[in-house]
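Structure record follows, encoded as structure tokens.
If you read the sequence from its start, that first residue is 1, and numbering goes on from there. Order of appearance sets the numbers: ligands from 1, and atoms from 1 within every ligand. Only a predicted model underlies this, so the values are computations on that prediction, with no experimental measurement involved.
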Amino acid sequence: MSQNRTGLEWITLLVSLVMLGVYILWSTVDQKYEVEQREQDRLSVQARVIDIHISQQLSAIRHVLTEVRERFPIWQNQQRGMSLANERLSAFTSALTGVRSLSIVDATGFIIASNLPSLINHEVQDREYFQLASAERNPGILHISPPFTAVTGNWVILLSMTVLSDEGEFTGLVIASLDQDRFRASMNAVNYADDMWSAIAHGDGLQFIMEPDRAGQAGMNLAQPGSFFTRHVESHNTENVLSGKVYSTGEHRTMALRTIQPAELKMDKPLVIAVGRDSNKIFQEWRWETTLHITLFAMLLFVSVVSLMRLQRIQREKERNAAAATSAINKKNSELETLNESLRSLALMDGLTGIANRRHFDDVIDKEWRRCEREQAPLALMMIDIDHFKDFNDHYGHLRGDDSLKLIANTISQELSRGGDLVARYGGEEFVCLVPKCDLDAANAKAESIRLAIAALDIPHEHSSASPHVTISIGLAVEIPTSDDAPASLTALADKCLYRAKQQGRNRVCSALS
Ligand SMILES: Nc1nc2c(ncn2[C@@H]2O[C@H](COP(=O)(O)OP(=O)(O)OP(=O)(O)O)[C@@H](O)[C@H]2O)c(=O)[nH]1
């Protein structure tokens, strides 16, 4: 497998995984933002619901306090006026949700009428709300007191309005205490999750209620540096959604805070409501999904890397096997080629002497004929015959005859070792030599040299009439080939010359030029 392809596969996998990773990261961040946004919207809505509910209650209370204030002088001038007042106050209290007590305080600070008989004649002169109202003497203001423990033992916020005489003298207060339990019910209704709580604080920072209730929360001063309350108040926004650590509980929460102070109620202090959830719980599901996505991605990463490594290993193995098979085939082909080559040369070789055979000679003479014809060069042909070889065989035996044939063939070959020369066994004890580009004189010299070389072998031949050792006769023909002629004419001429050499006593060269 090529390095390029392996690299490309890894790059493709890597790019795909990076793209998938980026997508998962992006969608995870996007989901977190969505969860956060959705939760903030829900908390905001819940805070608004509480705001509407409390504002309606405060409006109703203000309306009743105004009504009581207007009737106060009438009741004062009536016989049994205060009894009538008590009855009316009881009736109003029953009609109002969220009010525990309705009372009238005279200019000296004594409660002179109330829906709760236990409060009548109770002195409130020392209370901050009384002192404030008697000092300010502003009948339009709805005073909202910080929460405190009332004489009834209840933790209350007091709403009060100043009563002035026609002459503008301070004649008392009409007061209403808020019923914590009634508020709790409406706050509880907006809590939609187990980890959720909502709270109401006075505008100065004292906590009035937390729902669900927790020990130590009521009365805690929230106006601390960096607290949700302080951040909200300092922002001067009616509504905020904030995240962070809650001062009063130490929890990490997301909170919607809202200031309740409708302009038409002319409240001297606002109420601040807070609705919040545990931040960890908000993102619990998102965290689970993120963990799942990361786990799945890690598994995918592992599986794809391992799979690609395995795939590439299998591919490499396949390619190695294919290469080995190809190499084996190539080796076999080469062996076959060598075999064919040796078969081809065997087919063109004489089995006994190892030189070219008649068939090879026939092929070569045709080619050399045409070549010399093209080049107009002389082509020399020698026909060589061992003298009285029959007698040699008869006397020395056929095996010695074979040995002599081999030795003579080898000697002739050594004499004609030029590139284009060819020595072939023509048949029996006859040899032919083809010598291209060789004129008659040179060819004669060559033939004579061959004859002498054979004689020099000094192979004994007692029964030869020509010599006491083995000799040869050579018929030499030389011709510049033409298209009118054929190789056979050269062969025939050489044969004639050989015949002549034999006739003339053997052991000689006879030649002719065509
Ligand atoms: N040992 C051996 N002898 C061979 C072979 N081929 C041919 N001969 C012999 O060569 C001899 C040729 O004899 P002839 O054609 O009568 O000619 P010669 O005896 O050489 O007489 P001249 O050619 O007239 O000198 C025969 O006896 C063949 O048997 C061979 O392969 N081995």
Side-chain angles (χ1 to χ4, degrees), residues 342-365 380-417 421-435 443-478 487-512 514:
S342 46
L343 280 176
R344 258 198 303 276
S345 26
L346 275 176
L348 298 173
M349 202 176 79
D350 175 55
L352 178 68
T353 60
I355 61 170
N357 62 13
R358 171 78 179 265
R359 199 174 136 209
H360 191 194
F361 168 74
D362 288 342
D363 287 346
V364 173
I365 194 172
L381 178 67
M382 299 174 203
M383 294 210 85
I384 302 172
D385 189 282
I386 305 171
D387 297 329
H388 298 303
F389 197 59
K390 181 177 180 314
D391 294 334
F392 184 91
N393 270 336
D394 290 349
H395 186 68
Y396 297 104
H398 211 264
L399 285 179
R400 285 274 297 276
D402 281 356
D403 289 344
S404 299
L405 279 173
K406 284 190 243 176
L407 191 58
I408 290 166
N410 191 34
T411 307
I412 300 170
S413 292
Q414 281 174 3
E415 286 296 316
L416 284 176
S417 55
D421 299 346
L422 177 75
V423 178
R425 189 175 177 198
Y426 199 61
E429 58 5 324
E430 240 180 325
F431 300 93
V432 280
C433 301
L434 198 60
V435 191
N444 259 319
K446 267 281 170 213
E448 194 54 33
S449 151
I450 292 169
R451 188 186 68 79
L452 292 173
I454 300 302
L457 290 175
D458 204 16
I459 304 166
H461 191 351
E462 290 176 15
H463 295 274
S464 169
S465 61
S467 168
H469 52 256
V470 171
T471 58
I472 55 170
S473 297
I474 302 176
L476 168 65
V478 178
S489 65
L490 187 64
T491 318
L493 186 59
D495 202 36
K496 265 186 199 165
C497 290
L498 178 62
Y499 180 74
R500 214 161 9 106
K502 291 279 183 186
Q503 288 297 309
Q504 289 175 8
R506 297 181 174 81
N507 190 21
R508 70 194 61 232
V509 177
C510 281
S511 62
S514 173

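- By the 4.0 Å N-to-carboxylate-O rule, Asp350 lies too far from Arg358 to be salt-bridged with it.
- Within the 3.5 Å criterion, the main-chain N or O of Ile386 finds no donor-acceptor partner in the side chain of Arg506.
- Distances between N or O atoms of Phe389 and those of ligand 1 include at least one value under 3.5 Å.
- For atom 30 (C) of ligand 1, the closest heavy atom belonging to the protein is Leu405 CD1, 3.3 Å.
- Numbered from 1 in the order shown, with element, the atoms of ligand 1 that lie under 4.0 Å from a heavy atom of Arg506 read 22 (P), 24 (O), 25 (O).
- With respect to atom 14 (P) of ligand 1, the closest heavy atom belonging to the protein is Lys390 CB, 4.3 Å.
- Protein heavy atom nearest atom 15 (O) of ligand 1, with residue, atom name and distance: Glu429 OE2, 4.4 Å.
- Contact annotation: for Asp394 versus ligand 1, there are no heavy atoms closer than 4.0 Å.
- Of all the atoms in ligand 1, the ones that sit under 4.0 Å from a non-hydrogen atom of Lys502 are 22 (P), 23 (O), 25 (O).
- Backbone and side-chain nitrogen or oxygen atoms of Asp391 are examined, and none is located within less than 3.5 angstrom of a nitrogen or oxygen of ligand 1.
- For atom 7 (C) of ligand 1, the closest heavy atom belonging to the protein is Gly428 CA, 3.5 Å.
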**OP:** Please step through salt bridge (Lys or Arg N to Asp or Glu O under 4.0 Å) for the pair Asp394 and Lys390, ending with a clear verdict.
**Re:** CA-CA 6 Å; Asp394 290 349; Lys390 181 177 180 314; 3.1 Å; yes

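- The distance from ligand 1 to the heavy atoms of Gly401 drops below 4.0 Å at these ligand atoms: 1 (N).
- Of all the atoms in ligand 1, the ones that sit under 4.0 Å from a non-hydrogen atom of Asp387 are 25 (O).
- Put simply, part of Arg425 is less than 4.0 Å from ligand 1, judged by heavy atoms.
- Of the possible polar contacts, none joining the Lys496 side chain to the Gly475 backbone as a donor-acceptor pair under 3.5 Å is found.
- The closest donor-acceptor contact from the side chain of His360 to the backbone of Leu422 lies at 3.5 Å or more, if one exists at all.
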Subject >> Worked check of side chain to side chain donor-acceptor pair (under 3.5 Å) between Asn507 and Ser467 >> reply: CA-CA 8 Å; Asn507 190 21; Ser467 168; 5.1 Å; no

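- Donor-acceptor pairing under 3.5 Å is recorded for the side chains of Asp387 and Ser473.
- Between the Asp421 side chain and the Cys433 main chain, no donor and acceptor come within less than 3.5 Å of each other.
- Listed by number with element, the atoms of ligand 1 under 4.0 angstrom from any heavy atom of Ile386 are 20 (O), 23 (O).
- Heavy-atom contacts of Asp402 reach the following atoms of ligand 1: 1 (N), 2 (C), 30 (C), 31 (O), 32 (N) (cutoff under 4.0 Å).
- Classification of the Phe392-Tyr396 ring pair by plane angle, with boundaries at 30° and 60°, yields tilted.
- Counting heavy atoms closer than 4.0 Å to ligand 1, residue Asn393 contributes side-chain atoms (C-beta onward) but none from N, CA, C or O.
- Side chains of Thr471 and Arg451 form no contact here, defined as non-hydrogen atoms less than 4.5 Å apart.
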